[in-house]
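Scroll down for the structure; my scribbles are underneath it.
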There are 2 protein chains.
Amino acid sequence: MGGTGGRRERLRAETTAEIRQVALKLMASGGPDAITLRAIAREMGMTANAIYGYFATRDDLVTTLINEVYAALADAVDAAWADAPATDPASRIQTWARAFRGWALANPEGFRLIYGDPVPGYQAPEGGAAPNAAYRVCTGIAGLAAAAWPYAEQFYADSDFQWSDFDGGLLGKVRPAYPDLPPAGVALALRIWGHLHGLVSLEIYGHLRTQTISPDKLFREELAHLVRSLGIDSEGYRPEPPR
Amino acid sequence: MGGTGGRRERLRAETTAEIRQVALKLMASGGPDAITLRAIAREMGMTANAIYGYFATRDDLVTTLINEVYAALADAVDAAWADAPATDPASRIQTWARAFRGWALANPEGFRLIYGDPVPGYQAPEGGAAPNAAYRVCTGIAGLAAAAWPYAEQFYADSDFQWSDFDGGLLGKVRPAYPDLPPAGVALALRIWGHLHGLVSLEIYGHLRTQTISPDKLFREELAHLVRSLGIDSEGYRPEPPR
DNA sequence: TGCAAAAACTTCACGCCGTATAGTTTCCTC
DNA sequence: GAGGAAACTATACGGCGTGAAGTTTTTGCA
């Protein structure tokens with residue numbers, strides 16, 4: 001058998017990449033349920049069954065796509081976080097949240113693919129479709145919570161969360177990254193995730209547009225109150241952390 | 001043609017009702033994408049095409065189902081709100097939110113049907129699938145905001161929302177019901193909706209279970225901080241509204 | 001260089017789906 | 001009891017995922 005540089009393996013990798021790429025193109029233009037083996041094959045000048053040489057089932061392909069798209073979301077929010085100055089936690093947190101919504105609005109079909117059920121009979125594998133990317137995003141939000149924690153801690157004195165309340169895989173990333181964040185801070189992170197996910201999700205699925213003219217304004221309001229609820233003021237000024 | 005009591009019309013209404021009921025049963029057991037005309041017909045001992053005599057397309061049927069299920073959700077949360085004593089706004093608000101999550105957990109497929117994309121090629125009609133039920137739920141949340149407003153108003157002094165930021169249909173229900181609620185209060189209601197929707201949605205779609213062992217505990221935390229963020233304490237005691 | 005094995009790919013088939021068209025049966029009304 | 005409307009069936013088309021079997025292309029080795 002050829003080594004890792006063999007011509008056959010290179011072609012195989014290229015075809016695999018093309019399948020993924022064509023599938024994403026179909027999704028972008030026709031929504032996630034335009035991802036069909038037959039459509040991909042048609043686009044590539046092949047037969048649908050040829051794809052079975054690269055992915056065992058359609059669900060395997062979809063799982064791969066979810067991982068790819070979810071990783072792109074994680075990249076986007078991580079990059080926004082890294083670019084924002086650590087010296088201003090309020091606007092850094094808001095930047096992260098804006099990047100999250102911005103990515104979703106720019107990739108609505110991707111958002112649906114990750115968080116919804118858009119592909120007809122798709123069944124995610126045990127443990128979720130994209131656990132690593134999910135951990136990455138959650139760890140990112142834990143970063144927001146950690147940045148806010150010196151200010152926010154005072155509001156969580158009576159919180160009774162333990163490490164055992166959370167998934168080990170998540171903690172394996174969060175605790176090393178933010179050693180000062182206690183369990184209550186992780187709970188805060190998950191709640192913030194829920195808040196932002198909900199607003200963005202209502203917007204992407206068209207439920208907000210029926211109620212408000214400007215989801216954008218609503219989200220700006222959310223950002224202002226988010227940092228305020230964390231004990232940080234939003235406009236550059238921020239109080240000293242208590243104690 | 002027979003009047004409204006004609007035998008023919010009665011049979012027609014019964015068959016229509018049976019179609020809806022069988023569709024909901026299929027959804028409950030096999031998820032929303034088990035709703036197919038052929039499966040319904042099979043269950044009823046008919047041909048799929050016979051259903052076209054009752055619903056013009058499958059999407060029309062799905063729209064009807066969404067309306068029905070969304071109305072059931074609205075009934076559930078309205079009932080919880082009505083049952084909770086108006087004298088204790090904090091626990092009343094928490095009761096509403098618990099009813100919302102409780103309904104979703106009891107009817108996960110219904111939640112997906114209302115808020116997700118579960119039926120393969122479904123296209124909602126112009127103006128949304130179930131605008132009235134959506135208004136009902138939003139108006140319900142506006143009720144939470146209105147109950148909290150005497151306490152929460154102080155946090156929204158710098159809010160610059162106008163009536164024109166919101167949909168007229170929504171305001172047509174909200175303003176008569178809660179004449180003292182200003183535009184900023186409606187924005188607050190939509191944000192609360194987003195927060196709760198997000199947490200419940202992550203849970204229903206299995207994204208939370210990968211991160212935390214007990215979504216229930218997280219939601220309890222959310223409830224506590226929700227009323228606190230509105231300026232009301234959660235444990236029976238509440239401060240006088242300011243001013 | 002020739003040849004067998006393996007990999008890549010096609011063809012055909014099955015059972016699902018929504019839905020259009022045309023034909024049949026059932027029922028109500030006059 | 002006959003005409004007509006309403007309810008329903010039969011057949012068909014193109015779409016889907018996927019399994020089985022067959023064909024072509026490429027590879028590695030004698």
Side-chain angles (χ1 to χ4, degrees), chain A residues 1-20 22-23 26-27 29-65 117-125, chain B residues 1-20 22-23 26-27 29-65 117-125:
Chain A
M1 68 164 141
T4 50
R7 170 181 144 80
R8 200 143 203 172
E9 306 201 350
R10 187 169 39 80
L11 285 177
R12 190 178 172 77
E14 278 170 13
T15 306
T16 307
E18 191 185 352
I19 291 169
R20 280 190 274 127
V22 169
L26 286 170
M27 178 183 79
S29 63
D33 59 85
I35 302 173
T36 68
L37 297 182
R38 295 178 122 107
I40 294 166
R42 222 177 289 128
E43 202 81 9
M44 293 177 66
M46 302 171 79
T47 308
N49 277 347
I51 297 178
Y52 284 94
Y54 300 89
F55 296 92
T57 63
R58 184 208 53 165
D59 281 12
D60 277 15
L61 169 59
V62 171
T63 298
T64 301
L65 296 175
D117 306 316
V119 184
Y122 177 69
Q123 284 282 12
Chain B
M1 69 171 132
T4 50
R7 168 180 146 82
R8 201 143 202 172
E9 305 199 351
R10 186 169 40 79
L11 285 178
R12 189 178 174 76
E14 278 170 14
T15 305
T16 307
E18 191 186 352
I19 291 170
R20 281 191 273 125
V22 168
L26 287 169
M27 179 183 79
S29 64
D33 60 87
I35 302 173
T36 67
L37 297 182
R38 295 179 123 105
I40 295 166
R42 221 177 289 128
E43 202 81 9
M44 294 177 64
M46 304 171 76
T47 308
N49 277 346
I51 298 178
Y52 284 94
Y54 300 88
F55 296 93
T57 64
R58 184 208 52 165
D59 281 12
D60 278 16
L61 169 59
V62 172
T63 298
T64 301
L65 295 175
D117 266 352
V119 185
Y122 177 70
Q123 284 282 11

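Letters A, B, ... are given to chains in the order of the sequence lines, protein chains preceding strands, and every chain is numbered from 1.
Distance, A:Asp60 CG to D:dT18 P: 9 Å, rounded to whole Å. One can place CG of A:Leu37 at 15 Å from P of C:dC9, the figure rounded to the nearest angstrom. Atom P of nucleotide D:dA7 and atom CE of B:Met44 are separated by 13 Å, given to the nearest angstrom. Regarding A:Glu14, its CD atom lies at a distance of 16 Å from the C1' atom of C:dA7, rounded to whole Å. For A:Glu9 and D:dT27, the CD to C1' distance is 12 Å, given to the nearest whole Å. When rounded to the nearest whole Å, the span between CG of B:Leu61 and C1' of C:dC17 equals 14 Å. Rounded to an integer number of Å, the gap from A:Arg10 CZ to D:dT26 P is 13 Å. Between A:Arg42 atom CZ and D:dG14 atom P there is a gap of 13 Å when expressed in whole angstrom units.
Residue A:Thr47 has its side chain nearest to C:dT11 when only C:dT11, C:dC17, C:dA20 are considered. Side-chain proximity of A:Thr57 to D:dG15, D:dT18, C:dG18: nearest is D:dT18. Taking the side chain of A:Arg38 as heavy atoms from C-beta on, and the options C:dG18, C:dC9, C:dA13, the nearest nucleotide is C:dA13. With distances taken from any side-chain atom of A:Asn49 to the nucleotides D:dT9, C:dC17, D:dT18, the minimum falls on D:dT18. Nearest to the side chain of A:Tyr54, among C:dT19, C:dA8, D:dC16, sits C:dA8. Among the nucleotides D:dT18, D:dC16, C:dT19, the one closest to any side-chain atom of B:Arg58 is C:dT19.
In this structure, the side chains of A:Arg10 and A:Glu14 come closer than 4.5 Å at one or more pairs of heavy atoms. Between A:Thr64 and A:Arg20 the shortest side-chain heavy-atom distance falls below 4.5 Å. B:Leu61 is not listed as a side-chain neighbour of B:Tyr54, based on a closest heavy-atom distance of 4.5 Å or more.
When each of B:Thr36 and B:Leu11 is assigned the nucleotide of DNA chain C with its nearest heavy atom, B:Thr36 is the one assigned upstream, toward the 5' end.
For the pair B:Arg12 and C:dC28, the criterion of a side-chain N or O lying under 4.0 Å from OP1 or OP2 is not met. Neither OP1 nor OP2 of D:dG19 sits under 4.0 Å from any side-chain N or O of A:Tyr52.
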Side chain to side chain contact (heavy atoms under 4.5 Å, CB included) between B:Arg58 and B:Val119, intermediate numbers included: CA-CA 10 Å; B:Arg58 184 208 52 165; B:Val119 185; 3.2 Å; yes
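Nearest heavy-atom pair across B:Pro120 and A:Asp33 is O-OD2, 3.3 Å.
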